[in-house]
Amino acid sequence: MIERFTSMDSDPVTVARRLLGQRLVRVHNGKRLAGTIVEVEAYLGAQDRAAHTYAGHRSPRNESMYLSGGHAYVYFTYGAHFCLNVVCGSEHDGVAVLIRALEPTQGIEQMFRNRPGAKRLKDLCSGPGKLTQALAIDRSLDGVNLRNSRALFIEQLRHRAMSRSLIAQSKRIGLNPDETWPGDWAQRPLRFFVEGNPHVSH
DNA sequence: CCCGTGATTTAT
DNA sequence: TAAATCACGGGG
């Protein structure tokens, strides 16, 4: 019996590390689409220049990032892409983990149909916008509870976090260069990925 | 390297 | 009201 991953109450760095190696599952039109999480980023809330909740900012877009740990925060960006975050901590914290890449494990044929143009398995889920397209994740899933939703959830494949030697760290992707950012927020090693896994984003 | 895309945020 | 920004992806 496979259990759900439910330990999202911790800080986003802890949750980020624990999410690596677990399985994201989407059930859409009666089909199961799933993949192993291989790359994530932590966003630390009011103090974090790169977080949507920086300085306590609130808007219709980011409202669900203030829900309690275990909810989904899905937003639309660059006129084309959806990104999926796992909200962490307690209600009002505004902290989350961005899911950046998956290794596809189930429903792969449907994922290719969802992403016309993708040729190789590696093209399917190797980026935050790619994986939401492959798994048919959009704003209709914003705010769902990943602990009890039947449409979107996370299965716990391993009880302990992945071994430290398999987890690599780096600065987060796609942020403004440091000179425009007071402090070192753009440089902090808040991206975590499975060392050597070919499905990590490029 | 460049550029489309459009919601959101920030400047005027 | 207008302009800039953006946790991106795809194509050279």
Side-chain angles (χ1 to χ4, degrees), chain A residues 8 11-13 15-17 19-20 24 35 37-67 69 71-89 93-104 111-143 146 152 168-193 198-202:
Chain A
M8 296 97 157
D11 66 278
V13 169
V15 175
R17 302 187 72 103
L19 279 171
L20 291 178
L24 179 69
I37 298 171
V38 297
E39 180 184 353
V40 294
E41 283 177 357
Y43 286 85
L44 274 47
Q47 20 151 30
D48 182 357
R49 271 314 299 272
H52 288 171
T53 50
Y54 173 66
H57 288 147
R58 242 172 217 279
S59 69
R61 173 175 72 158
N62 71 4
E63 196 58 36
S64 60
M65 194 165 161
Y66 288 100
L67 296 173
H71 292 265
Y73 168 41
V74 181
Y75 70 91
F76 181 70
T77 192
Y78 287 105
H81 311 290
F82 295 97
C83 291
L84 169 67
N85 295 255
V86 176
V87 178
C88 304
D93 285 355
V95 296
V97 172
L98 170 69
I99 308 297
R100 284 196 59 89
L102 305 176
E103 176 169 345
M111 290 190 205
F112 273 110
R113 268 175 258 141
N114 291 347
R115 277 181 53 66
K119 298 187 70 78
R120 302 160 304 173
L121 191 61
K122 280 172 24 178
D123 302 328
L124 243 28
C125 295
S126 53
K130 296 179 190 177
L131 73 91
T132 55
Q133 188 180 19
L135 301 209
I137 293 167
D138 61 23
R139 273 231 111 195
S140 68
L141 293 165
D142 182 53
L146 299 168
L152 185 66
Q169 280 181 251
S170 79
K171 66 181 179 186
R172 294 173 292 185
I173 305 289
L175 275 44
N176 273 351
D178 199 19
E179 47 268 23
T180 63
W181 293 62
D184 58 347
W185 282 100
Q187 301 303 323
R188 290 206 185 193
L190 294 173
R191 170 174 174 249
F192 304 87
F193 57 99
H199 296 89
V200 168
S201 69
H202 324 303

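Naming: A, B, ... by sequence-line order, numbering from 1 per chain.
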Asks: Searching all strands shown, indicate the nucleotide that pairs with dT1(C) (Watson-Crick or G-U wobble; both distances under 3.5 Å).
Replies: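 dT1(C) is paired with dA11(B).
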Asks: Is the ring centre of Tyr78(A) under 5.5 Å from the base ring centre of dG4(B), and are the two planes under 30° apart, so that they stack?
Replies: no
Asks: To the side chain of Ser59(A), which of dA7(C), dC6(C), dT8(B) is closest?
Replies: dT8(B)
Asks: Which nucleotide wins on minimum distance to the side chain of Arg100(A), given the candidates dT8(B), dA7(C), dC6(C)?
Replies: dA7(C)
Asks: Can you check the distance between dG10(C) and dT8(B), where both ends of the measurement are the P atom (answer in whole Å)?
Replies: 23 Å
Asks: What is the separation between atom CD on Glu63(A) and atom C1' on dT8(B), rounded to the nearest whole Å?
Replies: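 Glu63(A) atom CD is separated from dT8(B) atom C1' by 15 Å.
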Asks: Distance criterion of 3.5 Å, no angle test: do you see the side chain of Tyr75(A) paired donor-to-acceptor with the base of dA7(C)?
Replies: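 Indeed there is one.
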Asks: What integer distance in Å separates Arg58(A):CZ from dT10(B):P?
Replies: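 Rounding to the nearest Å, CZ of Arg58(A) and P of dT10(B) are 16 Å apart.
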Asks: Roughly how many Å apart are dA7(C) and dA11(B), using the P atom of each and rounding to a whole number?
Replies: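 It works out to 16 Å between them.
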Asks: dT8(B) P sits how many Å from Tyr73(A) OH, rounded?
Replies: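 Answer to the nearest Å: 9 Å.
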Asks: Roughly, in whole Å, what's the span from CG in Leu131(A) to P in dG9(C)?
Replies: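 Going from CG in Leu131(A) over to P in dG9(C) covers 8 Å.
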Asks: Which nucleotide, if any, forms a Watson-Crick or G-U wobble pair with dT5(B), using both distances under 3.5 Å?
Replies: none
Asks: Could you check whether any side-chain N or O of Asn62(A) sits under 3.5 Å from a backbone N or O of His57(A), counting only pairs where one atom can act as donor and the other as acceptor?
Replies: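 Indeed, once roles are kept as given, a pair shorter than 3.5 Å links the two residues.
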Asks: Closer to the 5' end of DNA chain B via nearest nucleotide, is it His81(A) or Arg139(A)?
Replies: His81(A)
Asks: Measuring from atom CG of Leu84(A) to atom CG of Asp142(A), what distance do you get when rounded to the nearest 0.5 angstrom?
Replies: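 Reported value, rounded in 0.5 Å steps: 10.0 Å.
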Asks: Please pick, from dG6(B), dT9(B), dA7(C), the nucleotide with the shortest atom-to-atom distance to any side-chain atom of Phe76(A).
Replies: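 Out of dG6(B), dT9(B), dA7(C), the nucleotide with an atom closest to Phe76(A)'s side chain is dG6(B).
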Asks: My understanding is that only one of Lys130(A), Arg172(A), Arg191(A) makes a salt bridge (Lys or Arg N to Asp or Glu O under 4.0 Å) with Glu39(A); could you say which?
Replies: Arg191(A)
Asks: Tell me: CH2 of Trp185(A) to C1' of dA7(C), nearest whole Å?
Replies: 15 Å
Asks: Does the side chain of Arg115(A) get closer than 4.0 angstrom to OP1 or OP2 of dG10(C) through an N or O atom?
Replies: yes
Asks: How close do Val95(A) and Gly89(A) get, heavy atom to heavy atom, and via which atoms?
Replies: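 Scanning both residues completely, I find the closest heavy atoms to be CG2-N, 4.2 Å.
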Asks: Is it true that the NZ or CZ of Arg61(A) lies under 6.0 Å from the centre of Tyr75(A)'s six-membered ring and within 45 degrees of the ring axis?
Replies: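 The answer is yes, since Arg61(A) meets both limits relative to Tyr75(A).
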Asks: Rounded off to whole Å, could you give me the OH-to-P distance for the Tyr54(A) and dC6(C) pair?
Replies: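 My rounded result for the distance is 13 Å.
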Asks: Phe82(A) has an atom CZ; how far is it from atom C1' of dC6(C), in whole Å?
Replies: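 Phe82(A) atom CZ is separated from dC6(C) atom C1' by 15 Å.
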Asks: Return the 5'-most residue of the pair Ile173(A), Ala118(A) with respect to DNA chain C, ranking by each residue's nearest nucleotide.
Replies: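 Going by which nucleotide is closer to the 5' end, it is Ile173(A).
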Asks: Measure NE2/His52(A) against P/dA7(B) and give the value in whole Å, please.
Replies: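 Going from NE2 in His52(A) over to P in dA7(B) covers 15 Å.
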